[in-house]
Amino acid sequence: MSSQCDVVIVGGGLAGASLALALDRQGLDVVIVERGSWAEVQHEHPQTVHDFDARVSAVAANSWQFLGEQGLDLPSVRRQAYRSMQVWDGEGTGFVQFDAAELQVSELGAIVENSVLLAALHDKLKQSRVRTLMQQEINAIDTTESEARIELKSGQTWSAQLLVGADGALSIIRQYMGVDVVEWPYGQSAIVATLQTERIHEHVARQWFLRTGPLAFLPLSHPSDQFVSLVWSAHEGEAERLMQLEDGDFMDALAHKSEIQLGAITAVSQRICVPLRQRHAMNYQAKRCVLVGDAAHTIHPLAGQGINLGFADVSVLAEELGRAAKKGLDLGSTLVLARYQRRRKTDNLVVAGAMEGFVRLFDQQNPVVRWLRNAGMSTFNQLSPVKRKVAKIAMGLA
């Protein structure tokens, strides 16, 4: 005999946890199945580079608004707002700067450690009606015309109108759905770590487009303002070479490539190297299942849009399911899920295409292309109305 609920969400990460809270606020009966453990809130402030989570997200203004609507106490979340974004062509003179003051907003976004944000979401889940099954893995999935059912390795079974795949890039829900996935490697790997710098970051997010891939310094929350998150995407051979460097040589290379913008790099945490791939599911819904976040799409991290696309998925899906529930519709029906897919798939494809275009553009070493690229960046930086429009789109405000 299986237990019943309205929606089963597989994956209790940022997308799955936020979706559960959004659906719970609309009165739906929700169960989360998560293979990991609860993320614990860290009350003490980090003291060294080793105390930070190396994995961070650049969360846009509209995503913070969505999280606040789910009841998160945003002032209590350790986050670092950035009020300016500076982008250089590392192989030329091209430069673009975005400023919050120019857009008449308090911040462009905020950098938050993934574990810190997840802990805040999990803490909120514990206060909700959502039933969260931690350290559980799926043994079998079955769907019929009237319900979706999962069997856990613990022996529990659950039946629901809808099964949500929020279980990441290698989603088992997507595999069960049998949908085609378009994917290819970027030929780059991202090196992520935490850095301590000689100079303060001044609440600025900095990015350089180098010959071998983009390099980003993202400001982190600390009283000294001397800690930043590193995301250095490089061609696989170069990334492997950088990973083999001793810490001192690696920090020297970073200081050189960042044009000493923050002075010397004085400390670096353990480095993590992640191969980069773009993926996009051709369909987000099938067999009473639906995909959100990385289960539906992954993109290059150069503009930090991945997590914001995921929160946009969650926001739209929660809205569509809430509307369907009020009308008494079947939450797992193609009619309901197709509306979600129509609203999100095009936007996700546009952003994925833009990221692909940026990667290819800055990978070009043809002197003519490089000259046009630098001239284009400099011209764009002078076009205030256009620049404001682009910035508001990136922030989810337009």
Side-chain angles (χ1 to χ4, degrees), residues 7-22 32-36 39 53-60 62-63 66-67 112-118 121-122 137-138 141 163-186 188-190 192 231 233 272-286 289-318 337 340-341 343-356 359 396:
V7 179
V8 170
I9 300 172
V10 179
L14 298 178
S18 58
L19 176 61
L21 291 172
I32 290 182
V33 177
E34 166 57 40
R35 64 186 305 172
D53 181 0
R55 298 176 185 270
V56 305
S57 293
V59 181
N62 63 327
S63 295
F66 167 73
L67 293 170
V112 62
E113 298 155 74
N114 286 5
S115 60
V116 169
L117 183 53
L118 184 60
L121 287 166
H122 280 189
E137 295 190 36
I138 293 178
I141 303 171
L163 184 59
V164 179
D167 50 341
L170 303 179
S171 170
I172 61 171
I173 302 303
R174 189 182 67 226
Q175 294 174 31
Y176 169 76
M177 291 164 63
V179 299
D180 291 332
V181 178
V182 176
E183 63 177 301
W184 59 86
Y186 283 106
Q188 295 182 349
S189 294
V192 297
V231 184
S233 302
I272 301 170
C273 190
V274 183
L276 299 178
R277 295 182 69 87
Q278 180 170 129
R279 294 183 180 87
H280 203 111
M282 297 303 292
N283 286 294
Y284 293 1
Q285 56 94 19
C289 302
V290 68
L291 304 173
V292 295
D294 285 353
H297 44 75
T298 59
I299 61 173
H300 198 286
L302 70 87
Q305 287 301 304
I307 188 60
N308 296 304
L309 294 181
F311 284 137
D313 290 348
V314 167
S315 178
V316 170
L317 180 59
L337 301 181
Y340 157 71
Q341 177 167 299
R343 292 180 61 186
R344 289 303 307 147
K345 189 176 180 182
T346 299
D347 283 353
N348 290 335
L349 284 171
V350 167
V351 174
M355 295 306 100
E356 179 72 14
V359 171

Peer 1: Return the CG to CG distance between L317 and L19, rounded to the nearest 0.5 Å.
Peer 2: 5.5 Å

Peer 1: OG/S63 to CG/L309 distance, rounded to the nearest 0.5 angstrom?
Peer 2: 8.5 Å

Peer 1: Which value, rounded to the nearest 0.5 Å, describes the distance between M282 atom CE and Q341 atom CD?
Peer 2: 9.5 Å

Peer 1: Please name the pair of heavy atoms, one in Q188 and one in S233, separated by the smallest distance, quoted to 0.1 Å.
Peer 2: OE1-CB, 3.7 Å

Peer 1: Do N283 and M177 have side-chain heavy atoms sitting under 4.5 Å apart?
Peer 2: no

Peer 1: According to ring-ring contact (aromatic ring centres under 6.0 Å, His included), who are the partners of Y284, at least two apart in sequence or on a separate chain?
Peer 2: H280

Peer 1: Testing the basics here: between Y340 and V292, what is the closest heavy-atom pair and its distance to 0.1 Å?
Peer 2: OH-CG1, 3.5 Å

Peer 1: D53: what forms a side chain to side chain contact (heavy atoms under 4.5 Å, CB included) with it, not counting sequence neighbours?
Peer 2: R55, E113, N114, S115

Peer 1: How close do I32 and A17 get, counting heavy atoms only, and between which atoms?
Peer 2: CD1-CA, 4.1 Å

Peer 1: Less than 4.5 Å apart, side chain to side chain, heavy atoms only: is that true for L67 and L117?
Peer 2: yes

Peer 1: Does a donor on one side chain sit under 3.5 Å from an acceptor on the other, for N308 and N62?
Peer 2: no

Peer 1: Filter on salt bridge (charged side-chain N to carboxylate O under 4.0 Å, His left out), then keep only pairs touching residues 274-284, sequence neighbours left out; what's left?
Peer 2: E183-R277, E183-R279

Peer 1: Applying side chain to side chain contact (heavy atoms under 4.5 Å, CB included), can you list everything that pairs with A312, at least two apart in sequence or on another chain?
Peer 2: R344

Peer 1: Please report the closest heavy-atom contact between A15 and S18, naming both atoms and the distance.
Peer 2: O-OG, 3.0 Å

Peer 1: For a quick test of reading the model, state the closest non-hydrogen atom pair linking H297 to D313 and the distance between them.
Peer 2: NE2-OD2, 2.6 Å

Peer 1: Donor-acceptor pairs under 3.5 Å, side chain of residues 163-171 to any protein atom, not counting sequence neighbours: which ones?
Peer 2:
from : atom 1 : to   : atom 2 : distance (Å)
D167 : OD1    : S171 : OG     : 2.6
D167 : OD2    : S171 : OG     : 3.3
D167 : OD2    : I172 : N      : 2.9
D167 : OD2    : I173 : N      : 3.4
S171 : OG     : I173 : N      : 3.2
S171 : OG     : R174 : N      : 2.9

Peer 1: Any heavy-atom pair between the side chains of I138 and Y176 that's under 4.5 Å?
Peer 2: no

Peer 1: Applying side chain to side chain contact (heavy atoms under 4.5 Å, CB included), name anything that partners D294, two or more places apart in sequence or on another chain.
Peer 2: T298

Peer 1: If you look at every heavy atom in A286 and V179, which pair is closest and at what distance?
Peer 2: CB-CG1, 4.2 Å

